[in-house]
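Please read all numbers here as calculations on a predicted model, not as lab measurements. Heavy atoms only: backbone and side chains are in, while hydrogens, waters and symmetry mates are out.
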Amino acid sequence: MQEVLKIEGLTKRYGAIRAIDGLSLEVQKGQVFGILGPNGSGKTTTLGILLDITRPDRGTFSWFGQKPTHLARRRIGATLESPVFYPYLSAINNLKIIANIKGIGYQGIDDVLELVGLYGRRHSKFRTYSLGMKQRLAIASVLMGDPEVLIFDEPTNGLDPQGIAEIRNLIIDLARRGQTIILASHLLDEVQKTCSHVAILRRGQKLFSGPISALSKETEVLELSSDDPEKLASALKEIDEITDIKKEGNLLLVNSRGRFTAAELNGLLHDKGIMLSHLNLRHKSLEQEVLKLLEEPA
């Protein structure tokens, strides 16, 4: 895959506070990459550095395999924090101002308004828009000039459930067009439903980075019990694929590298002379797994 963004050892301090602490990650073309973390985890600071709004103390990053330049920046569309538009101007006139700032023509305005579902309200003043419509206009402004990479910072912040669903579906539609999207959010549900890959941050440190599916695989655990729990535990320790064994009441909770099924494990233990009285595959939620990462000492 083609590398779009590479970050190496990015660090940013504000006095005694380390907003970003040695952050490294990569984003490939076509990915919908979520940067997930609670408020204060360094998400917006990271995006600010990537957009040349903030200067890092240490570390480097590159866009499209090259050092960041104003030419590379023209290939990126972004909105940070709350979007700012003139309340007394229509959507069309607000986007004309955006086009002037970007140095592009007006011919794409109708297309982006159609794409975000605002074409029918294109002549309405911004102050008459709902929060969801205002956020869709912000996305329309990002799309002006047809950038290769789209960056959204908390795109559903402050929206009601219907507005959240509308923005989420819009981002999914944009992803289906093959555009690379980087999305920062503190909402796990938003990231899980829209992103293909995720980096989890806490206090500026990366706790996990990879496909959403890889994180989901870590949420399965086998529950086991037998009439001789000590013999069962000893047998499990002899199986290389077993990575973790914990006791919970009369049960042993087992994590593996995913190289065998529950039935295969049952067969392995049977060959060792162990009859199981209980065997169940427990699914922890992705939310539990993320909260576990965030709670562990950095």
Side-chain angles (χ1 to χ4, degrees), residues 4-5 25 27-39 41 43-44 46-47 50-51 76-85 91 95 98 111-122 126 129-144 146-201 208-216 219 285-291 293-294:
V4 169
L5 170 66
L25 56 85
V27 178
Q28 306 296 325
K29 185 176 181 179
Q31 290 180 349
V32 183
F33 197 101
I35 302 177
L36 174 67
N39 294 330
S41 60
K43 303 184 301 294
T44 298
T46 299
L47 296 184
L50 297 178
L51 296 171
I76 303 164
T79 177
L80 294 186
E81 302 289 356
S82 300
V84 178
F85 294 103
L95 290 186
I98 298 296
D111 290 338
V112 296
L113 287 173
E114 183 73 44
L115 186 60
V116 302
L118 288 178
Y119 185 77
R121 293 288 303 275
R122 63 193 182 280
F126 179 74
Y129 282 7
S130 66
L131 284 176
M133 293 170 68
K134 290 176 179 178
Q135 198 68 310
R136 280 188 273 158
L137 185 61
I139 293 176
S141 72
V142 171
L143 294 172
M144 291 292 294
D146 196 23
E148 298 174 45
V149 180
L150 308 177
I151 296 179
F152 302 122
D153 185 20
E154 301 283 2
T156 61
N157 200 26
L159 300 183
D160 60 21
Q162 181 179 348
I164 290 173
E166 289 175 356
I167 298 301
R168 179 195 304 135
N169 291 334
L170 176 55
I171 292 173
I172 291 172
D173 287 341
L174 293 172
R176 287 177 180 148
R177 298 171 63 196
Q179 287 181 289
T180 305
I181 298 173
I182 299 173
L183 182 154
S185 178
H186 68 281
L187 300 175
L188 171 60
D189 187 60
E190 177 181 322
V191 170
Q192 185 179 3
K193 290 179 178 178
T194 58
C195 298
S196 61
H197 293 71
V198 65
I200 300 175
L201 304 186
F208 173 87
S209 182
I212 289 281
S213 58
L215 185 59
S216 300
T219 65
S285 71
L286 186 58
E287 180 180 32
Q288 289 175 316
E289 193 65 21
V290 171
L291 289 175
L293 282 171
L294 294 173

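- Minimum heavy-atom separation, A91 to L113: CB-CD2, 4.1 Å.
- For the atom pair CG of L5 and CG of L50, the computed distance is 5.5 Å after rounding to the nearest 0.5 Å.
- Here the side chains of V112 and L118 are not in contact, with every heavy-atom distance at 4.5 Å or above.
- Residues passing the side-chain contact (heavy atoms from CB on, under 4.5 Å) test with E114 are Y119, sequence neighbours excluded.
- Here the side chain of T79 pairs no donor or acceptor atom with the backbone of F152 at under 3.5 angstrom.
- Applying the side-chain hydrogen bond (donor to acceptor under 3.5 Å, both in side chains) criterion to K29, with sequence neighbours excluded, gives no partner residue.
- Contact record, G30 with T180: N-OG1, 2.8 Å, taken as the closest heavy-atom pair.
- Considering only residues two or more places apart in sequence or on other chains, D111 meets the side-chain hydrogen bond (donor to acceptor under 3.5 Å, both in side chains) condition with none of them.
- Remark: side-chain polar atoms of Q135 are paired, donor with acceptor, to backbone N or O of P155 under 3.5 angstrom.
- In this structure, CG on D146 lies 6.0 Å from CD on Q179, to the nearest 0.5 angstrom.
- With sequence neighbours left out, the side-chain contact (heavy atoms from CB on, under 4.5 Å) criterion links S130 to M133.
- Using cut-offs of 30° and 60° for the angle between ring planes, the F85 and F126 rings count as tilted.
- Take L115 and apply the side-chain contact (heavy atoms from CB on, under 4.5 Å) test, not counting sequence neighbours, and it matches L143, L174, R177.
- Put simply, CD1 on I182 and NE2 on H197 are 12.5 Å apart, with the number rounded to the nearest 0.5 Å.
- The shortest distance between side-chain heavy atoms of H186 and N157 falls below 4.5 Å.
- Counting heavy atoms from C-beta on, the side chains of D189 and R168 come closer than 4.5 Å.
- Heavy-atom minimum distance, L47 versus A184: CD1-CB, 3.7 Å.
- Residue L36 holds its CG atom at 7.5 Å from OG of S41, rounded to the nearest 0.5 Å.
- What you find for L25 and S209 is that their closest heavy atoms are CB-OG, 4.3 Å.
- When the side-chain hydrogen bond (donor to acceptor under 3.5 Å, both in side chains) test is applied to R121, the partners found at least two apart in sequence or on another chain are S124, T128.
- Sorted by first and then second residue, the salt bridge (charged side-chain N to carboxylate O under 4.0 Å, His left out) pairs involving residues 152-166 (not counting sequence neighbours) are K43-E154, R136-E166.
- For the side chain to side chain contact (heavy atoms under 4.5 Å, CB included) criterion with C195, the lone passing option out of I171, I35, I181, V32 is V32.
- To the nearest 0.5 angstrom, F33 atom CZ is 12.5 Å from T194 atom OG1.
- Annotation: side-chain contact (heavy atoms from CB on, under 4.5 Å) contacts of T156 (sequence neighbours excluded): L159, I164, I167, L187, E190.
- Y129 is linked by a ring pair (Phe, Tyr, Trp, His ring centres under 6.0 Å) to nothing, counting only residues two or more places apart in sequence or in another chain.
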